[in-house]
Number of protein chains: 2
Amino acid sequence: MNTPEIPEIVVRRLPLYARTLSWLVEENVQTVSSQELGANLGMSPAQIRKDLSYFGEFGKQGTGYDVKYLLSQLRQILGVEREWLVALVGVGDLGHAIARYGGFGKRGFKIAALFDNDPRKIGQQVGELEILGMEALPMVVKGLRLRLGIVAVPAAKAQEVTDYLVECGIRGILNYAPINLHVPKGVRVRYIDPVVLLQSMTYHLKSG
Amino acid sequence: MNTPEIPEIVVRRLPLYARTLSWLVEENVQTVSSQELGANLGMSPAQIRKDLSYFGEFGKQGTGYDVKYLLSQLRQILGVEREWLVALVGVGDLGHAIARYGGFGKRGFKIAALFDNDPRKIGQQVGELEILGMEALPMVVKGLRLRLGIVAVPAAKAQEVTDYLVECGIRGILNYAPINLHVPKGVRVRYIDPVVLLQSMTYHLKSG
DNA sequence: TAGATTGTTAATCGATTAACAATC
DNA sequence: TAGATTGTTAATCGATTAACAATC
């Protein structure tokens with residue numbers, strides 16, 4: 001079922017398809033064609049059909065795709081039918097905001113534990129969670145079977161924290177620190193750096 | 001100087017080069033080769049040399065690149081030698097966090113005005129800024145010559161807000177709402193959706 | 001049946017990399 | 001000079017798209 005050799009770039013587009021399909025479900029749309037989906041997402045219908053074809057045949061000629069069915073298939077493929085628990089390391093301003101941000105929970109990801117190395121922060125309560133010291137990480141990861149971690153520490157500490165997360169069994173890292181991380185094979189990293197995105201726009205605006 | 005036909009994918013990598021070079025400056029590194037830069041960024045030396053060659057010749061054979069010089073050139077190319085002012089629309093939990101997050105200011109982007117359409121929020125103070133009503137947007141954009149905007153409203157409002165921003169003269173939008181935006185040519189959008197990134201990792205972890 | 005749209009193949013397009021002359 | 005590394009070209013690789021038979 002889980003064919004190998006799926007290009008990573010295709011995997012990264014699947015969540016976008018799922019996101020749009022969720023939207024269509026809310027809008028009570030029953031059926032969608034690759035044409036319409038493409039128009040919404042700003043990509044070609046051919047690309048959408050090709051991407052989906054890596055995983056199976058989900059559509060019907062002449063009609064398109066059943067929105068609910070395709071969404072449920074995509075959620076299965078992505079492994080997001082269950083809830084995923086996430087460890088958050090670094091509870092400064094940014095970490096606080098991430099911990100309190102409701103958007104994760106609504107969409108299947110629950111921040112299940114907070115860690116920081118600042119003794120003044122350890123023991124503090126953020127929402128329903130208490131901030132734990134870094135030494136608690138291995139036990140918590142094991143106890144809650146965590147596979148995902150969010151890094152929200154200063155850039156200077158991010159690689160060190162990452163190494164520790166990986167050592168403890170974390171296999172996917174969402175990194176908010178503005179630095180490139182090095183991880184062993186089998187561990188994935190995704191990056192969020194708003195400034196990098198803004199800079200790729202100022203390039204176009206600088207002489208506008 | 002500003003050769004056309006630079007692939008967008010190259011433009012998007014320039015800020016990553018700049019970010020790493022800033023780091024090297026702080027580490028007091030004088031000189032770096034495409035080899036070393038590539039190792040740090042997880043890309044091939046050839047790619048880095050090719051990317052840079054779109055903009056000029058910045059290196060020295062046998063030696064590599066002068067870190068400070070290359071950084072200053074990249075900052076010029078990206079247009080980030082000046083400070084950019086940004087409008088933030090939507091001051092809910094997420095917007096609050098963005099407004100208070102110090103990371104923008106340190107790296108050349110200043111959130112200069114806050115907007116919301118909730119009468120209970122208008123007039124409130126967040127840090128040094130007062131939350132303004134949406135009707136103030138055109139005047140503020142003109143007065144401060146804003147070109148960049150951040151969208152942090154619920155998905156259902158994001159397109160509407162975007163249309164309004166564009167109408168008011170905003171030409172680059174950083175969108176935190178989990179939805180694809182449609183903008184006219186000449187306007188750029190960049191997306192931040194942590195859940196989409198997490199989902200592209202759970203794909204790999206689902207049966208691990 | 002006529003119209004629409006899928007899934008898939010082959011062609012095209014574009015991005016990455018290997019290789020090397022130039023040169024510090 | 002010997003060693004290192006650039007900038008650039010040509011070759012390779014991979015992703016996107018056009019086109020169409022299949023079929024609802």
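Residue numbers start from 1 in every chain, and the chains themselves are labelled A, B, ... in the order their sequence lines are given, proteins ahead of strands. Bear in mind the structure is a predicted one, so any value in this text is a computation, not a measurement.
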[X] has an atom [atom1]; how far is it from atom [atom2] of [N], in whole Å?
X: B/Arg13; N: C/dT17; atom1: CZ; atom2: C1'; answer: 12 Å
X: B/Gln61; N: D/dT5; atom1: CD; atom2: C1'; answer: 7 Å
X: A/Phe58; N: C/dT8; atom1: CZ; atom2: P; answer: 11 Å
X: B/Gln73; N: D/dT6; atom1: CD; atom2: C1'; answer: 16 Å
X: B/Leu41; N: C/dT17; atom1: CG; atom2: C1'; answer: 17 Å
X: B/Phe55; N: D/dT8; atom1: CZ; atom2: P; answer: 13 Å
X: A/Leu37; N: C/dT6; atom1: CG; atom2: C1'; answer: 13 Å
X: B/Lys60; N: D/dT5; atom1: NZ; atom2: C1'; answer: 12 Å

**Message:** Set out, in order, the CA-CA distance, both residues' side-chain angles and the distance that settles side-chain contact (heavy atoms from CB on, under 4.5 Å) for B/Leu24 and B/Leu37, then state yes or no.
**Reply:** CA-CA 10 Å; B/Leu24 292 174; B/Leu37 209 45; 4.2 Å; yes
Given 3.5 Å as the limit, does a donor-acceptor pair link the side chain of [X] with the main chain of [Y], or not?
X: A/Thr20; Y: A/Leu16; value: yes
X: B/Asp193; Y: B/Pro178; value: no
X: B/Asn117; Y: B/Met134; value: no
X: A/Tyr191; Y: A/Leu181; value: yes

**Message:** So, OP1 or OP2 of D/dT6: does either fall under 4.0 Å of a side-chain N or O from B/Ser34?
**Reply:** yes
**Request:** Would you indicate, yes or no, if C/dG7 has its OP1 or OP2 atom less than 4.0 angstrom from a side-chain nitrogen or oxygen of A/Tyr65?
**Result:**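 Yes, A/Tyr65 has a side-chain N/O under 4.0 Å of OP1/OP2 on C/dG7.
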**Asked** Hey, which of B/Arg13, B/Met43, B/Gln35, B/Glu36 is the one that makes side-chain contact (heavy atoms from CB on, under 4.5 Å) with B/Ile48?
**Response**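 Testing each of B/Arg13, B/Met43, B/Gln35, B/Glu36 against B/Ile48, the sole residue satisfying side-chain contact (heavy atoms from CB on, under 4.5 Å) is B/Met43.
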**Message:** Run B/Leu198 and A/Arg190 through side-chain contact (heavy atoms from CB on, under 4.5 Å) and show every step you take.
**Reply:** CA-CA 8 Å; B/Leu198 287 168; A/Arg190 300 289 183 266; over 6 Å; no
**Pairing annotation in dot-bracket form, given for DNA chain D with Watson-Crick or G-U pairs under 3.5 Å and | for cross-strand partners** = ..||||||||||||||||||||||
**Message:** Both B/Thr63 and A/Val10 contact DNA chain D. Taking the nearest nucleotide for each, which residue is further toward the 5' end?
**Reply:**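 Looking at the nearest nucleotide for each, B/Thr63 comes out on the 5' side.
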**Prompt:** Toward the 5' end of DNA chain D, which comes first, B/Gln35 or A/Pro7, by nearest nucleotide?
**Reply:** B/Gln35
**Request:** Enumerate the residues from residues 42-53 of chain A whose closest heavy atom to DNA chain D is under 4.0 Å, giving them by residue number; use none for an empty result.
**Result:** A/Ser44, A/Ala46, A/Gln47, A/Arg49, A/Lys50
**Item:** Heavy-atom neighbours of A/Glu81 CD exceed 12 at 6.0 Å
**Value:** yes
**Asked** Should the pair A/Arg82 and A/Trp84 be classed as cation-pi, given the thresholds of under 6.0 Å to the six-membered ring centre and 45° from the axis?
**Response** yes
